[in-house]
Amino acid sequence: MYCLLILPFLFTLVAAVPAFNDGTNRQTTISSLVGPSATYIEALWTTRKDADARTDHLSLNKPGPGNLTILPNARSPPLFYIHREQLWQFNNETSILYVNAINSTEATGYPVQFVVDTKPAGFKSGSWHWRGTMLHYDQGPAGKSGVFYSCRLVDGSYGVFTFLTPAATPEACRAFTMHTWSRSHINPYTPQ
């Protein structure tokens, strides 16, 4: 008799527990949302130095929100992907971070800096996209070159910047382009 009274309560409790499986047998983790398009991004310098016989990647000085930078010989470079013209950084299984383009002219003297954060910030009209293997950031008709700059900041670290109009490479900066060699970006055709 006592079991019959508790049974409806147990069914209600089980029905109220959230489930990630909706019965379709598909994954619903962040990595399944990112899918196969997540890739590391390699920086190719426009001028080579002898010390550049290495692989440089778009990265962060430390995990989590902060300035994007270019780091050499990363063992495990961070993954990035584009969704709805927004560049995202895959942080871990529980978080994906925005790559924001912010107006940094007053703080750094360079017009557009790229930072990673937990919330959207900065320019809302920009768009990220791949042209072949090369990554581009545009704001309407501006910024169509795909050229980025690694520039020294006041604290001695380096940040990633771009100019929306053609400009000479600033003295404390090096120009580069960003690429992926992921097959899904080079040849997006997937046979059935």
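Remark: L44 engages E42, T177, H179, W181 in a side-chain contact (heavy atoms from CB on, under 4.5 Å) (not counting sequence neighbours).
L71 belongs to no hydrophobic cluster with other residues, because no ILVMFWY side-chain heavy atom falls under 4.5 Å from its own, directly or through intermediates.
Side-chain N or O atoms of Q86 include one that pairs as donor or acceptor with a backbone N or O of V99 at under 3.5 Å.
Using a 4.5 Å cut-off on side-chain heavy atoms (C-beta onward), L87 and L135 make contact. Using a 4.5 Å heavy-atom threshold, the side chains of F90 and F80 count as separate.
Taking CG from L79 and CG from N92, the interatomic distance works out to 11.5 Å, rounded to the nearest 0.5 Å. In this structure, CD on Q89 lies 8.0 Å from OG on S59, to the nearest 0.5 angstrom. In this structure, CG on L68 lies 8.5 Å from CD1 on I41, to the nearest 0.5 angstrom. Interatomic distance, S145 OG to L164 CG, rounded to the nearest 0.5 Å: 9.0 Å. Distance NE2/H83 to CD1/I96: 9.5 Å, rounded to 0.5 Å. Interatomic distance, Y40 OH to M178 CE, rounded to the nearest 0.5 Å: 15.0 Å.
Other residues, nucleotides and ligands place no more than 12 heavy atoms under 6.0 Å from the NZ atom of K62. Annotation: R131, atom CZ; neighbour count of heavy atoms from other residues, nucleotides and ligands within 6.0 Å is above 12.
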Output a table of donor-acceptor pairs, distance under 3.5 Å, between side-chain atoms of residues 154-162 and any protein atom two or more places apart or on a different chain; print 'none' if there are none.
| from | atom 1 | to | atom 2 | distance (Å) |
| --- | --- | --- | --- | --- |
| D155 | OD1 | S157 | N | 2.9 |
| D155 | OD1 | S157 | OG | 2.6 |
| D155 | OD2 | S157 | OG | 3.4 |
| Y158 | OH | R152 | NE | 3.4 |
| Y158 | OH | R152 | NH2 | 2.6 |
| T162 | OG1 | V147 | O | 2.9 |

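One hydrophobic cluster holds both I82 and F114 under the rule that ILVMFWY side chains link at heavy-atom gaps under 4.5 Å. Connection of V115 to L60 is not established within any shared hydrophobic cluster, with ILVMFWY side chains joined at heavy-atom distances below 4.5 Å, either directly or through further cluster members.
Between D56 and R174 no salt bridge is recorded (no basic side-chain N to carboxylate O distance below 4.0 Å).
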Exercise. When you look at N67 and T69, which way does the side-chain hydrogen bond (donor to acceptor under 3.5 Å, both in side chains) test go after all the steps?
Worked result: CA-CA 6 Å; N67 295 331; T69 191; over 6 Å; no

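The two atoms that bring Q139 and G126 nearest to each other are CG-CA, 3.7 Å, heavy atoms only. Of all non-hydrogen atoms in G64 and N91, the two that sit nearest each other are N-OD1, 4.1 Å.
The aromatic rings of Y137 and W128 are tilted relative to each other, their planes meeting at an angle between 30° and 60°. Classification of the F176-W45 ring pair by plane angle, with boundaries at 30° and 60°, yields perpendicular.
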